[in-house]
**Q** 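Supplied in structure tokens, the structure appears directly below.
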Amino acid sequence: MAELTISGETHPILKDDYASEWMGIEVLALEDGHATIRMPLRREMLNGFGMAHGGMIFAFGDTAFALACNPVTPAPGEADSITVASGVDINFVKPAFRGQILTAVANRRASAGRSGIYDIQIYAADPGTAPATDAAAGTVPGELPADSSTQGELIAEFRGRSRTISKK
């Protein structure tokens, strides 16, 4: 499945997530309302123009969104519910290319009852320039990266609206 976090913990939603496994997603950081992930951009993820397919960027952002929405260890009474997307918007800012490392930083912006709003920034960096850990990236849960240049160049902004529902 998708790679373990830096702490060695695997998020429960990644246990049977074959899409994230195929994408090669690595979890760098998980906290309540926050997730940072990365993946290499491979040839089979490119479109006919030789740049990242928009659907790959979307799927990558969606995984960061899901990880930020759902706790690693649900609180008592939350085990029978999951948080899913009720809607999303994505704005593609610039292209990413084969061999680059993508990093997504997801943060909860607001929550009320069963609804929430999350912002996910997606960056592309050349190999060797992407940070090894969330701390190295200067990311503080709930805030934008202090120095986004350490993540690479911003390629997309993803805003997710969440809803907590019953698993059944």
Side-chain angles (χ1 to χ4, degrees), residues 2-3 11 13-14 17 19-70 82-131 133-134 136-165:
E3 292 291 320
H11 196 293
I13 66 173
L14 294 176
D17 185 343
S20 292
E21 178 184 19
W22 178 84
M23 289 190 294
I25 291 175
E26 178 184 9
V27 179
L28 298 180
L30 287 174
E31 294 185 36
D32 183 39
H34 171 80
T36 300
I37 62 174
R38 71 175 165 202
M39 77 172 188
L41 193 55
R42 301 187 316 264
R43 182 180 66 89
E44 59 272 21
M45 298 173 166
L46 306 179
N47 63 22
F49 297 112
M51 63 182 71
H53 190 288
M56 292 291 114
I57 304 298
F58 183 93
F60 182 61
D62 190 49
T63 297
F65 176 35
L67 291 169
C69 288
N70 291 281
I82 57 173
T83 302
V84 297
S86 64
V88 297
D89 297 299
I90 189 164
N91 293 291
F92 299 103
V93 178
K94 62 188 314 184
F97 299 95
R98 181 180 181 179
Q100 288 188 304
I101 305 299
L102 302 187
T103 302
V105 180
N107 287 297
R108 182 186 304 126
R109 293 287 170 234
S111 63
R114 297 185 305 144
S115 300
I117 298 173
Y118 294 76
D119 285 336
I120 298 92
Q121 290 75 39
I122 302 171
Y123 302 91
D126 291 327
T129 61
T133 67
D134 210 33
T139 302
V140 176
E143 297 180 15
L144 294 174
D147 178 9
S148 61
S149 66
T150 62
Q151 300 281 353
E153 293 187 275
L154 181 70
I155 62 164
E157 288 273 353
F158 182 115
R159 170 153 281 190
R161 296 172 304 281
S162 68
R163 187 76 172 164
T164 301
I165 61 171

**Q** Within this structure, what is the CG-CZ distance for the pair Leu154 and Phe92, rounded to the nearest 0.5 Å?
**A** 12.0 Å

**Q** Mind listing the closest non-hydrogen atom pair of Gln100 and Pro127 along with its distance?
**A** CA-CD, 4.4 Å

**Q** Between Val105 and Thr36, does the side-chain contact (heavy atoms from CB on, under 4.5 Å) criterion hold? Intermediate values first, please.
**A** CA-CA 5 Å; Val105 180; Thr36 300; 4.1 Å; yes

**Q** Within the side chain of Asn70, is there an N or O that forms a donor-acceptor pair under 3.5 Å with the backbone of Thr83?
**A** yes

**Q** Which heavy atom in Val27 sits nearest to a heavy atom in Leu30, and how many Å separate them?
**A** CG1-CG, 3.6 Å

**Q** Which residues pass the side-chain hydrogen bond (donor to acceptor under 3.5 Å, both in side chains) test with Ser162, not counting sequence neighbours?
**A** none

**Q** Output the distance between atom CG (Leu46) and atom CG (Leu41), rounded to the nearest 0.5 Å.
**A** 5.5 Å

**Q** Arg161 side chain to Ser86 main-chain N or O, any donor-acceptor pair under 3.5 Å?
**A** no

**Q** Atom CE in Met23, atom CZ in Arg38: separation rounded to 0.5 Å?
**A** 15.5 Å

**Q** Please test Met45 against Met39 for side-chain contact (heavy atoms from CB on, under 4.5 Å), starting from the C-alpha separation and ending with a verdict.
**A** CA-CA 11 Å; Met45 298 173 166; Met39 77 172 188; 4.0 Å; yes

**Q** Determine the sole option in His34, Arg108, Arg109 for which the side-chain hydrogen bond (donor to acceptor under 3.5 Å, both in side chains) test with Tyr118 is passed.
**A** Arg108

**Q** Just verifying a value: how many Å separate Ile122 CD1 and Met56 CE, rounded to the nearest 0.5 Å?
**A** 12.5 Å

**Q** Measuring from atom CE of Met51 to atom CD1 of Ile155, what distance do you get when rounded to the nearest 0.5 angstrom?
**A** 11.0 Å

**Q** Output the distance between atom CZ (Phe65) and atom CD1 (Ile90), rounded to the nearest 0.5 Å.
**A** 12.0 Å

**Q** State, to 0.1 Å, how close Ala64 and Ala104 come at their nearest heavy-atom pair, and which atoms those are.
**A** CB-CB, 3.8 Å

